[in-house]
Amino acid sequence: MRKTVINPDTINQRPPSQEEWLDLEEIATVEVTSEDPNFPIEAALIARKGPGWRAAEPGKQIIRIVLDNPRPLRRIRLEFSETDVERIQEFTLRWSQTGGPFRELVRQQWNFSPQGSTSEVEDYRVQLEKVSVLELTLKPDLTPDTAYATLAAWRVS
């Protein structure tokens, strides 16, 4: 048997997937239509910051990431979780260059069910140049409009 003793200091402690995410706290401003004070937007945008974001009011919500400087984006990951209420959620993800019109990347619906499907993870590989704004529109329940929008995590690279 061949063996080698390795220096533990040379082992990367962070998983590669976490290293590539942009530090939105340092490079962007975030706009939200509402937020529950117990579930602020930072909890969804900053790794290990909390359980995620929740709207303060039911109905349609918008979250915008406004980048300080336009930049290329290669990956967008959204995570949603709903363990209490059965609902059909629709989200739309759009982007814009400085001063330009918004362009839709994806519009998708998801059925949440406490007895079955309680989480949704969408991981998109993209080739976007000079992105200045990312916008996520959430319709938390298509019928009736009484559910609260939530977002477990949003990462970009």
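It should be emphasised that the depicted structure is a prediction, and the values quoted were computed from it without experimental measurement.
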Say you draw a straight line from [atom1] of [X] to [atom2] of [Y]; how long is it, rounded to the nearest 0.5 Å?
| X | Y | atom1 | atom2 | result |
| --- | --- | --- | --- | --- |
| Arg125 | Leu73 | CZ | CG | 12.5 Å |
| Thr118 | Glu86 | OG1 | CD | 12.0 Å |
| Ser34 | Lys60 | OG | NZ | 13.0 Å |

Between [X] and [Y], what is the shortest heavy-atom contact and its length?
| X | Y | answer |
| --- | --- | --- |
| Ala147 | Asp141 | CB-CB, 3.6 Å |
| Leu151 | Phe80 | CD1-CE2, 3.5 Å |
| Ser81 | Thr150 | O-OG1, 3.4 Å |
| Thr83 | Pro114 | O-CB, 3.4 Å |
| Ser96 | Pro101 | OG-O, 3.6 Å |
| Gln108 | Tyr124 | OE1-OH, 3.5 Å |

With clusters defined by side-chain heavy atoms of hydrophobic residues (ILVMFWY) lying less than 4.5 Å apart, directly or transitively, does [Y] cluster with [X]?
| X | Y | value |
| --- | --- | --- |
| Tyr148 | Leu78 | no |
| Trp154 | Leu22 | yes |
| Leu128 | Val133 | no |
| Leu136 | Val106 | yes |
| Ile65 | Ile62 | no |

| Mind checking what makes salt bridge (charged side-chain N to carboxylate O under 4.0 Å, His left out) contact with Glu104, not counting sequence neighbours? | Arg107
| task | Please step through side chain to side chain contact (heavy atoms under 4.5 Å, CB included) for the pair Leu93 and Thr137, ending with a clear verdict. | result | CA-CA 7 Å; Leu93 183 61; Thr137 302; over 6 Å; no
| task | Verify side chain to side chain contact (heavy atoms under 4.5 Å, CB included) between Arg75 and Trp21, making sure each step is shown before the conclusion. | result | CA-CA 9 Å; Arg75 187 173 172 200; Trp21 301 124; 3.3 Å; yes
| query | Which of these, Leu24, Val66, Ile63, sits in a side chain to side chain contact (heavy atoms under 4.5 Å, CB included) with Val30? | reply | Ile63
| query | Just checking, any donor-acceptor pair under 3.5 angstrom between side chains of Trp95 and Ser132? | reply | no
| query | Between the side chains of Thr33 and Gln61, is a donor N or O closer than 3.5 angstrom to an acceptor N or O? | reply | yes
Side chains of [X] and [Y]: closer than 4.5 Å at any heavy-atom pair?
| X | Y | result |
| --- | --- | --- |
| Leu105 | Ile76 | yes |
| Glu42 | Trp53 | no |
| Trp110 | Glu82 | no |
| Pro70 | Gln97 | no |
| Arg155 | Glu20 | no |
| Glu90 | Leu142 | yes |

| said: Between Glu129 and Arg74, does any side-chain N to carboxylate O distance fall below 4.0 Å? | reply: yes
| Would you call Arg77 and Glu122 a salt bridge, taking side-chain N to carboxylate O under 4.0 Å as the test? | no
| remark: Here the salt bridge (charged side-chain N to carboxylate O under 4.0 Å, His left out) pairs for residues 24-33, sequence neighbours left out, are Glu31-Arg64
| request: Quick one: list whatever passes ring pair (Phe, Tyr, Trp, His ring centres under 6.0 Å) with Phe39, sequence neighbours left out. | output: none
